[in-house]
Amino acid sequence: MRQGADRPVGRDIATRSAIIWMEKQVMTTEFASGPHPAPARAGARAWIGLAVLSLPTMLVFLDLTVMFLALPHITVDLDASALQGLWTIDIYSFLIAGSLVTMGRLGDRVGRRRLLLIGAGAFGLLSFAAAFSTSPEMLIALRAGLAVAGATFMPCTLALIRTMFPDPKQMAKAMAVWTTAGMAGLCLGPSVGGLLLNSFWWGSVFLIAVPLMGLLLVIGPRLVPESRDENAARLDFTSVGLSLVAILAIIYGLKELARNGWAPVPAVACVVGVLIGVMFVRRQRRLADPLLDMSLFRIPAVAGALTLFMVTGVVQAGTGLLIAQYLQLVEGLSPFVAALWLIVPSLVAIAGVQLSIPLATRLRPSWVLTGGLLTSAVGMVVISRVPSVGGLAVLIVGVCISYAGVSAVPAISNQLTMQATPPERSGSAGSLSTTSGELGNALGIAAIGSLATVLYTSWVAVPPGIPADASAAAKEDLAGAVATSQTLSPPLGDQLVTAARETFTSAFSVVAIGCAVTMLVLAAVVYATMRHVGPIGSEEPEPEGGPAAPRDTEVAADRG
């Protein structure tokens, strides 16, 4: 029997009229009582606390890229195989991506500051142990532990920034500082590694984390407030397992496809990861207190920001792979010198982050993001004009323009995500933001790397007179062609490497044009879907589906 099927129509109209009248009375009372109090502004203690929170963020990225130059030394000293060397790097990024969702939810439950300090202590101890590893297996296991400990940093620091800076404009500036710290760690990793390896043994790249984590443990409890969701239920370990397996399988499959081309095992891994991800999503919708609140995706600002973060991650990671290959295999630069050249666009990106936040407090974020994406598209067009000989200056200029444009995305996306999320779910929102970036990076390396490889293998023309085995190696990729050319006589080797470099540059140009088109489409989508969002910190009303009223609990005695 349908309830209310026979209810008189007049009674429904009367009821709705009464509700409308009461809503008007409430609105009149609110306006009569004066404007709502402005959010409390953070003081010096909070800004010093932000500097402390930036340490783990910088280190988690530094620990990823610092391995690039240390790996050859580790391989020789520990007698590691090529596969073990790859796993030493990959296990870190795999497990960070797979643990972010769990750590974000765990921080909501046990306290974000507490979990951050636990992760910092574990990261320091594991870094010390990793510096004195005696076997490849030991180092891989310790790197896995470092990844799980490091996964506590990003969602917890994002959530704590939300707590420490309730004023939206101050939160935007804090997000810019936090983003800058992460970019600095990512960009400076190879340079720091090179400087340390020039004077010390490879274990020194791990030891740099020990004093910094010690400083965080000493100062953090005094400067960083605690915050948690007092109503959070226990973790659903089935959901933890599903999320971990899904993300690990997808990222493993994508990276293997990008590295070695099409193969059954990584393809199956991707399919299995997607299927398990579907199971994870369905389970979250059934649970009363899920590991990941799927309702966050119904908030337009959150869904838009996460999509933007992931797609720009695809473009930046994919083109970053090709840029590194161009610098080393076309220009012939050493890894260390190539890393030094990439510091230039990285500094431009850091400056862009600092500029984007003040702009987003005066203009609508959609305008800032759209302008940035259009600028990045121009940079991609410049990159597409890079020649196969003497193209270093053109490449660096194009990368600088592209990075300057896309630099607005991380800080503003994180700001919009955290600002539009209910405070008690800020840890989960922080994990979503960082996970979307990780998935974008993995997908970009796989998709764009595979596209460039397909174009190269389809277009490369091996000069006549090259032996069959050398020809086969040259047709696989540019690295194979460069290595093979060194085994041939000078005339043949020069012809082979010239043809391979020209083909790679042509493929790179096509990919860059595709990325430019992607940026143009993304700019149109961002403007269409986010144009209603007011400037950061403005008093404009939130659109339907905006943030819920604050319900988060903060320890009053620790408030900064």
Shortest non-hydrogen contact from [X] to [Y]?
X    : Y    : answer
T370 : A523 : OG1-O, 3.6 Å
V368 : A408 : CG1-CB, 4.3 Å
V526 : L369 : CG1-CB, 3.9 Å
T505 : V386 : CG2-O, 3.1 Å
A338 : Q328 : CB-CG, 4.2 Å
A404 : V348 : CB-CG1, 3.7 Å

Any non-hydrogen side-chain atom of [X] less than 4.5 Å from a side-chain atom of [Y]?
X    : Y    : answer
I401 : M380 : no
L374 : Y527 : no
L342 : L327 : yes
L322 : I448 : yes
L329 : F504 : no
R282 : V278 : yes
R113 : L117 : yes
I161 : V177 : no

Between side-chain atoms of residues 142-155 and protein atoms elsewhere (two or more places apart, or another chain), which donor-acceptor pairs fall under 3.5 Å?
{"residue": "R143", "atom": "NE", "partner": "T88", "partner atom": "O", "Å": "3.0"}
{"residue": "R143", "atom": "NH1", "partner": "D63", "partner atom": "O", "Å": "3.0"}
{"residue": "R143", "atom": "NH1", "partner": "D63", "partner atom": "OD2", "Å": "3.3"}
{"residue": "T152", "atom": "OG1", "partner": "A149", "partner atom": "O", "Å": "2.6"}

*For R114, look at atom CZ and say whether over 12 heavy atoms of other residues, nucleotides or ligands are found less than 6.0 Å away.*
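No - once you tally the heavy atoms of other residues, nucleotides and ligands closer than 6.0 Å, there are 12 at most.
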To the nearest 0.5 Å, tell me how far [X] [atom1] sits from [Y] [atom2].
X    : Y    : atom1 : atom2 : value
I91  : I96  : CD1   : CD1   : 11.0 Å
E137 : I140 : CD    : CD1   : 6.5 Å
I208 : L59  : CD1   : CG    : 6.5 Å
T319 : Y403 : OG1   : OH    : 6.0 Å
S366 : L373 : OG    : CG    : 11.0 Å
T157 : L55  : OG1   : CG    : 11.0 Å

Does [X] reach the main-chain N or O of [Y] with its side chain, forming a donor-acceptor pair under 3.5 Å?
X    : Y    : answer
S458 : L455 : no
Y92  : V60  : yes
S509 : S384 : yes
S243 : V240 : yes

*Taking only residues two or more places apart in sequence or in another chain, which ones pass side-chain hydrogen bond (donor to acceptor under 3.5 Å, both in side chains) with Q284?*
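Only S239 meet the side-chain hydrogen bond (donor to acceptor under 3.5 Å, both in side chains) criterion with Q284.
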*side-chain hydrogen bond (donor to acceptor under 3.5 Å, both in side chains) with S402: which residues, sequence neighbours excluded?*
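By the side-chain hydrogen bond (donor to acceptor under 3.5 Å, both in side chains) rule, S402 matches S376.
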_Verdict with reasoning, L522 to V315, per side chain to side chain contact (heavy atoms under 4.5 Å, CB included)_ = CA-CA 11 Å; L522 191 59; V315 173; over 6 Å; no
*side chain to side chain contact (heavy atoms under 4.5 Å, CB included) evaluation trace for L248 with L95*: CA-CA 7 Å; L248 287 180; L95 283 180; 4.0 Å; yes
*Kindly determine whether Q325 and L478 satisfy side chain to side chain contact (heavy atoms under 4.5 Å, CB included), including the steps that lead there.*
CA-CA 8 Å; Q325 290 179 343; L478 177 58; 5.6 Å; no
*asked:* Within the 3.5 Å criterion, strictly below it, is a donor on W459 or T503 matched to an acceptor on the partner's side chain?
replied: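 T503 and W459 do not have a side-chain donor-acceptor pair below 3.5 Å.
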*Check the angle between the aromatic planes of F206 and W202 and answer parallel, tilted or perpendicular using the 30° and 60° thresholds.*
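F206 and W202: perpendicular rings.
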